Amino acid sequence: MDQVFLQNLNVKTYIGVFAWEQRIQQELILDIKIDWPNHLSAKNDDLTLALDYSQVADLVLIFCENNQFELIETLAESLCELLRAQFSFSAIELKITKPGAIPEAEVGISISRKYA
Ligand SMILES: Nc1nc2c(c(=O)[nH]1)N=C([C@H](O)[C@@H](O)CO)CN2
């Protein structure tokens, strides 16, 4: 399946399990891959038939700015549901990296969801 992707999307959000984290916005890096049949938009050279990555980015940025979770897993699930409701795709892969969470490594989670 073709995909539309956004890589290294930098968002700011309230995220974390600790009290100090719940008072400050932190940076997360998102990599998003969404299954989308790109041949239709290509054939017609028509953005309305494409999955517009700008619209995806705007939705994700606004959601992150306006919501707060403890776990990045919860944010990931919520974002997949939000994007699926808006754009009706059949599958999504989402990776969230939390820079600076621990000094020794780059850490995060990834999820993959398929819909009927
Ligand atoms: N699998 C996860 N592990 C951890 C998370 C998380 O969201 N998912 N969060 C934390 C803390 O918030 C940490 O990032 C603070 O530095 C720890 N482990």
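One-based numbering, in listed order, for ligands and for the atoms of each. Remember, it's a predicted structure, so these values are computed and weren't measured experimentally.
Checking only distances, E21 does come within under 3.5 Å of ligand 1, N or O to N or O. Backbone and side-chain nitrogen or oxygen atoms of A101 are examined, and one is located within less than 3.5 angstrom of a nitrogen or oxygen of ligand 1.
Looking from atom 17 (C) of ligand 1 to the surrounding protein, the closest heavy atom is V17 CG2, 4.7 Å. Given atom 7 (O) of ligand 1, the protein heavy atom at minimum distance is I72 N, 2.9 Å. Ranking protein heavy atoms by distance to atom 5 (C) of ligand 1, first place goes to L71 CD2, 4.2 Å.
Residues L51 and W36 come closest through the heavy atom pair N-NE1, 3.2 Å.
In this structure, atom 11 (C) of ligand 1 is in close contact with the protein, since a protein heavy atom lies within 4.0 Å of it. Of the protein's heavy atoms, at least one falls inside 4.0 Å of atom 1 (N) of ligand 1.
Heavy-atom proximity to atom 9 (N) of ligand 1, evaluated over Q26, K98, E73, Q22, is greatest for K98.
Of the listed residues (R84, M1, Q3), just one forms a side-chain contact (heavy atoms from CB on, under 4.5 Å) with F89, and that residue is R84. When the options I24, T74, L75 are evaluated for a side-chain contact (heavy atoms from CB on, under 4.5 Å) with I15, the one that passes is L75.
Qualifying side-chain contact (heavy atoms from CB on, under 4.5 Å) partners for E81, counting only residues two or more places apart in sequence or in other chains: none.
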- Task: Using the side chain to side chain contact (heavy atoms under 4.5 Å, CB included) rule, take K95 and K33 through it: C-alpha gap first, then chi angles, then the decisive distance, then the call.
- Result: CA-CA 9 Å; K95 177 181 166 190; K33 294 180 186 170; over 6 Å; no
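Residues Q68 and Q22 bring no donor and acceptor atom of their side chains to less than 3.5 Å of each other.
Every atom of ligand 1 is numbered from 1 in the order shown, and the set under 4.0 Å from a heavy atom of G16 is 12 (O).
With contacts defined as side-chain heavy-atom distances shorter than 4.5 Å, the pair E70/E21 does not qualify.
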